[in-house]
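Per chain, numbering begins at 1; letters A, B, ... match sequence-line order.
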Amino acid sequence: MAKEISGFVKLQVKGGQANPAPPIGPALGSKGVNIMEFCKQFNARTQDKIGKILPVTLTVYTDKSFDFVIKTPPAAVQLMELAKQPHGSKEPNRIKVGKVTWAQVEEIAKDKMADLNCFTLHSAMSMVAGTARSMGFTVEGTAPWA
Amino acid sequence: MNYVEVTINNIDEDQQEILVAQLSDAGYEGFVQSADSLQAYIDEPTYDATELKEITGDSFFETKIIPKQNWNEVWESNFEPVIVEDFCTIRADFHDIEVTTPYEIIITPKMSFGTGHHATTQLVMMAMKHMDIAGKTVFDFGTGTGVLAIMAEKLGAASVFGIDNDEWSVENALENLGRNNSTRITVEQNNTDLLPQAQYDIILANINRHILLQYMPQLATCTVKDGIVLMSGLLTSDKDIITATAGAQGLELFDYQELNNWIVLSFRRK
């Protein structure tokens with residue numbers, strides 16, 4: 001019989017560096033989950049992405065056990081890295097602070113495809129390009145489908 | 001250490017994603033997401049209100065200080081004792097059970113690694129069971145609760161030296177040494193990149209792949225000729241790279257055990 005779910009927790013934490021401090025401590029401790037067990041598993045599974053922000057969704061069961069799924073780094077984080085720009089623009093509509101190419105947008109879209117609610121690469125690229133513009137980045141060139 | 005919790009309300013998932021990218025770049029360590037709000041966490045000394053205002057712009061946010069505390073208290077209050085292969089019982093103070101194993105360790109884990117519940121602790125203990133530790137010097141790299149150091153002492157180690165980079169773990173290990181009447185174990189906090197200059201007969205290193213690879217040359221230097229290094233905190237997929245890197249430093253793999261996709265690797269110094 002499937003275990004009964006008591007709740008979900010959505011976190012974003014750095015790969016290989018999970019520790020019992022906030023947010024992991026309060027978010028999991030209040031649900032009676034063994035925090036150190038989660039940290040050990042998460043850190044071992046993210047040794048290739050040390051220091052990178054990774055979305056992780058935990059399913060916590062009524063017996064205090066848990067499962068979790070780790071996603072790829074958020075598109076916004078990947079865009080900032082590619083644009084070599086530490087911050088987005090304070091006024092993204094007026095002030096452009098960096099540039100990315102459609103090829104880079106495609107690269108991120110492919111990486112995030114499984115996490116985005118998109119059926120086609122085209123729509124995933126549109127979403128990533130939208131995020132880039134919201135951050136004040138110019139997407140250089142013409143969209144491949146234009 | 002205290003943390004600052006910043007709650008930003010009324011923002012959708014797309015806005016949350018952009019804020020996560022910008023705040024993580026400003027030193028925020030982690031985030032909790034819900035449908036229309038984002039909570040971001042940063043240690044108090046690093047928190048900069050002006051920078052936060054610049055990043056969040058017009059978004060409304062609230063801040064709260066989160067004092068240092070034992071977040072694992074709920075789990076800790078009712079966890080089950082662990083029996084490692086009819087060899088050692090690991091229990092908390094509050095467990096009133098009949099111990100039938102030759103060894104017993106009492107642990108109050110708080111927020112440190114090493115309660116015996118994890119496969120890697122069990123794997124290292126099972127490897128120790130088959131080793132001759134009596135009269136040997138032992139170095140416990142990343143001691144956590146001190147559970148492996150205490151095991152080594154109970155198996156007759158002449159002396160055990162444990163280090164951890166985490167202040168909380170060192171405090172907790174010292175408490176656990178007291179609970180187990182340990183007299184031949186020393187534990188220190190070590191935040192440097194340097195391991196002790198001494199050499200040991202046995203090294204216990206239950207950490208993770210990244211740290212083991214980083215410290216491999218020093219681990220080899222710290223081991224006497226024919227001394228043994230147990231490495232764990234590793235997944236089966238880590239075996240090849242760890243074995244190759246250890247081999248290049250004169251550490252020869254002589255045993256390998258697996259439990260639930262976790263492994264312990266036993267090396268001998270050539």
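To the nearest 0.5 Å, atoms CG (Asn208(B)) and OG1 (Thr46(A)) are separated by 8.5 Å. The distance from the NZ atom of Lys40(A) to the CD1 atom of Ile207(B) is 8.0 Å, given to the nearest 0.5 Å. From Glu37(A), atom CD reaches atom NE2 of His118(B) across 4.5 Å, with rounding to the nearest 0.5 Å. A distance of 12.5 Å separates CD1 in Ile53(A) from OH in Tyr28(B), rounded to the nearest 0.5 Å. Remark: Met36(A) CE to Asn72(B) CG distance equals 7.0 Å, nearest 0.5 Å. Remark: Ile211(B) CD1 to Gln47(A) CD distance equals 8.0 Å, nearest 0.5 Å.
Interface remark: Gln78(A) contributes no atoms to any contact with chain B (heavy atom separation under 4.5 Å). If you measure heavy-atom distances from Asn261(B) to chain A, you find no contacts under 4.5 Å at all. Contact annotation for Trp262(B): only side-chain heavy atoms (C-beta onward) come within less than 4.5 Å of a heavy atom of chain A. Contacts between Ile66(B) and chain A at a heavy-atom distance below 4.5 Å involve the side chain alone, from C-beta outward. Contact annotation for Leu38(B): neither backbone nor side-chain heavy atoms come within less than 4.5 Å of a heavy atom of chain A. Within the 4.5 angstrom heavy-atom criterion, atoms from both the backbone and the side chain of Phe113(B) approach chain A. Proximity to chain B (any heavy atom under 4.5 Å) is restricted, for Ile50(A), to the side chain, taken from C-beta onward. Using a 4.5 Å cut-off between heavy atoms, Lys64(A) makes no contact with chain B at all. Interface remark: Ser112(B) contributes backbone atoms only to the contact with chain A (heavy atom separation under 4.5 Å). Heavy atoms of Tyr41(B) lying under 4.5 Å from chain A belong exclusively to its side chain. Looking at Gln16(B), there are no atoms closer than 4.5 Å to chain A (heavy atoms on both sides), in backbone or side chain.
Closest approach of Gly32(A) to Val74(B), counting heavy atoms only: CA-CG1, 3.6 Å. Closest approach of Val32(B) and Pro23(A) over heavy atoms only: CG2-CB, 3.6 Å. Between Val13(A) and Gly30(B), the shortest heavy-atom distance links the atoms CG1-CA, 4.2 Å.
Looking only at side-chain heavy atoms (C-beta outward), Ser134(A) and Ile18(B) come within less than 4.5 Å of each other. Side-chain contact between Arg209(B) and Asp48(A) is present, with heavy atoms from C-beta onward closer than 4.5 Å. The shortest side-chain heavy-atom distance between Trp71(B) and Pro22(A) falls under the 4.5 Å cut-off.
With respect to Glu17(B) and Lys112(A), no salt bridge is recorded, no charged nitrogen being found less than 4.0 Å from a carboxylate O.
Ranked by heavy-atom pairs shorter than 4.5 Å toward chain B, the options Asn34(A), Ile35(A), Ile24(A), Leu11(A) are led by Asn34(A). Contact count against chain B (heavy-atom pairs under 4.5 Å) is highest for Ala44(A) among Cys39(A), Ala21(A), Ala44(A).
Other residues, nucleotides and ligands place no more than 12 heavy atoms under 6.0 Å from the CG atom of Asn117(A). Heavy atoms of other residues, nucleotides or ligands lying less than 6.0 angstrom from NZ of Lys99(A) number 12 at most.
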